Each structure stands twice: as structure tokens, then as C-alpha cells.
Number of protein chains: 2
Amino acid sequence: MKGYLSYLILWILNKKTMRGAEIGRELEKRRGTKPSPGTIYPALKELKNVGLIAVDDQKIYSLTDKGQDELKSACKFFCQIFYDMKEMSDFGE
Amino acid sequence: MKGYLSYLILWILNKKTMRGAEIGRELEKRRGTKPSPGTIYPALKELKNVGLIAVDDQKIYSLTDKGQDELKSACKFFCQIFYDMKEMSDFGE
DNA sequence: ATAATAGTATCGGATAACCAATAGTATGAA
DNA sequence: TTCATACTATTGGTTATCCGATACTATTAT
């Protein structure tokens, strides 16, 4: 179950700008386990490199316009793949 | 955007038993692109190896009990991670 | 000022996920 | 039977994803 972390970061940053450590804590709340520094910072760096997020001088990460667009299309894509997603919430009971 | 294929296969097989080719077509409907044989058959093999799915002599794949359990806990995990998933459907507009 | 703590970041490596190309197998038609 | 078509499967390799270990930096407390 890999591959969702970057999009989860975008999803989180879309709600609120955060510092790296805060993102880590938010991920821990959601996933149960806290991602290691070797996970989160390379991920942030990559997202920054491709222009989806930005960092200011206070190390506060935020979503760029491009990041918003990307997130939007990712959500669309996801909802298309799991168009029967509603059953999923029920399936877990 | 990787890492969701195996779970998507489980999700699909949970609704209906299928042959490999039919699974491929179903994936195409959902994702837009048809997975290559080199994607789907290794995935099926792996899922079979770990006991989440089974194949009969007619090459019809089906979910095992263990597969159902796994899918159930995966759904739970997913809903926990994206507990604000509802906003996602709206976000794509 | 110094020690302790929290935050930021890099590096190297392991594994997962995926695909293109290829080959074998079954099914049906001519 | 022979050809064509669809299906099943493997191989080899690429890239993404993630982690543990480590190191550097800033902040705070004493």
C-alpha cells in the first residue's frame, strides 16, 4: 500500500499551510504511524521541485496554484476509479 | 500515482469473479488505460501467492476469505486516512 | 554560554509497482 | 488442418516510494 503519500500531503496542505514537523504529525494522526524524516523531506523536496508546493523562509509549506490543479485532477481521477467508493465506507462496517 | 492496483483488483473481484482479461477491461473502464499483461498477471500471481485470491481450472479468479478480510481492513484503513474523503468528491467539482 | 530538545535535511539502500516485449496456450473460423 | 484471434503468462528492467541512520540547525531552558 504505497504511493498515496504525496497526494495525501497535497490534500493536507490544501486545508492549511504547515511546517514539515506538523505535516508529519498530521500524517501520524491519519496513518497511525509517523513517517520517518527520510520519507517526508524527500517527498516535500520532490513536490517542491515539480512546483506543486512552495516553501517560505520560515519553512512553511503551502500548495501552489499548480498544486491545487494537480490535486483537483487527482481527486477527479480517484473518484472515477472508485466510482463505487460509497460502498467502501460501508464495507468496513 | 502508484500502489492502488492490487487493492483495486481485490475491490473488483469482491463484486464478481472474473478471468484475467475481464479484470483488465474493468480496470480500463475505471482508469482510462488498460494495464499491460506485464502489470496485471504478476499482480494476480502475487495476490494468489499470498492467498488473497484463488484461481480455478477455468482461470477464473475469485477473492478468498483472507482476501475479504484484507480488503475489509484496507477499506477501514483508507477511510481512516481520508476521513474527510467526502470533501474530495466535491473538490473535483 | 552550554546543554538539551525539536526541527530540517541528506544519503544510501531496499522493496514495491509497473510496463514493454515476448512467448506460450486455447478457441474458433475457413 | 491451418490460420487468426484472444487470452494467459513470464522475463527483464525502470522508476517510484519509502525507510533507517545520520548530520546539521534552530530554539529553549538552565
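Throughout, a chain's letter reflects where its sequence line sits, starting with A, and its residues are numbered from 1. As the structure is a prediction and not an experimental result, all values here were calculated from the model.
Between the C1' atom of D/dT10 and the CD1 atom of B/Ile40 lies a distance of 15 Å, rounded to the nearest Å. Rounding to whole angstrom units, CG of residue B/Leu8 and P of C/dC18 are separated by 10 Å. One atom, CG of B/Leu44, and another, P of C/dC19, lie 13 Å apart when rounded to the nearest Å. In this structure, B/Ile23 atom CD1 and C/dC18 atom P are separated by 14 Å, rounded to whole Å. What separates CD1 of A/Ile53 from P of C/dA9 is a distance of 10 Å, to the nearest Å. Taking atom CD1 of A/Ile9 as the reference point, atom P of C/dT8 lies 13 Å away to the nearest angstrom. Atom-to-atom, CG of A/Leu47 to P of D/dT17 comes out at 9 Å; the value is rounded to the nearest Å. Rounded to whole angstrom, the span from the CG atom of A/Leu27 across to the C1' atom of C/dG7 amounts to 15 Å.
One finds a salt bridge joining A/Glu26 and A/Lys29 here, because a Lys/Arg side-chain nitrogen approaches an Asp/Glu carboxylate oxygen to under 4.0 Å. We find that B/Glu70 and B/Lys66 are not joined by a salt bridge, their nearest charged nitrogen and carboxylate oxygen being 4.0 Å or further apart.
A/Thr17 places none of its side-chain heavy atoms less than 4.5 Å from the side chain of A/Tyr61. Residues A/Phe82 and B/Trp11 have side chains in contact (heavy-atom distance under 4.5 Å, counting atoms from C-beta outward). No side-chain heavy atom of A/Leu52 sits under 4.5 Å from any side-chain heavy atom of A/Leu63. Annotation: side chain of B/Thr33 is not in contact with side chain of B/Glu28 (no heavy-atom distance under 4.5 Å). Counting heavy atoms from C-beta outward, B/Asp84 and A/Lys15 have side chains that approach closer than 4.5 Å.
Ring centroid separation for the pair A/Phe77 and A/Tyr83 does not come in under the 6.0 Å cut-off.
Taking 4.0 angstrom as the limit, A/Arg25 places a side-chain polar atom (N or O) nearer than this to OP1 or OP2 of C/dG7. Residue A/Arg19 has a polar side-chain atom (N or O) positioned under 4.0 Å from OP1 or OP2 of C/dT8. Taking side-chain N and O atoms only, B/Lys45 has a distance below 4.0 Å to OP1 or OP2 of D/dT10. Contact annotation: A/Tyr41 side-chain N/O to C/dT10 OP1/OP2 distance is not under 4.0 Å.
Across all strands shown, A/Leu5 has heavy atoms under 4.0 Å from sugar-phosphate atoms exclusively, and none from any base.
Remark: nothing in residues 57-64 of chain B comes within less than 4.0 Å of DNA chain C through any heavy atom.
The number of heavy-atom neighbours closer than 6.0 Å to CG of A/Asp65, taken from other residues, nucleotides and ligands shown, is 12 or below.
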Listing time: all N or O pairs from protein to nucleotides 20-26 of chain D that are below 3.5 Å?
{"unit_1": "D/dG20", "atom_1": "N7", "unit_2": "A/Ser36", "atom_2": "OG", "d": "3.1"}

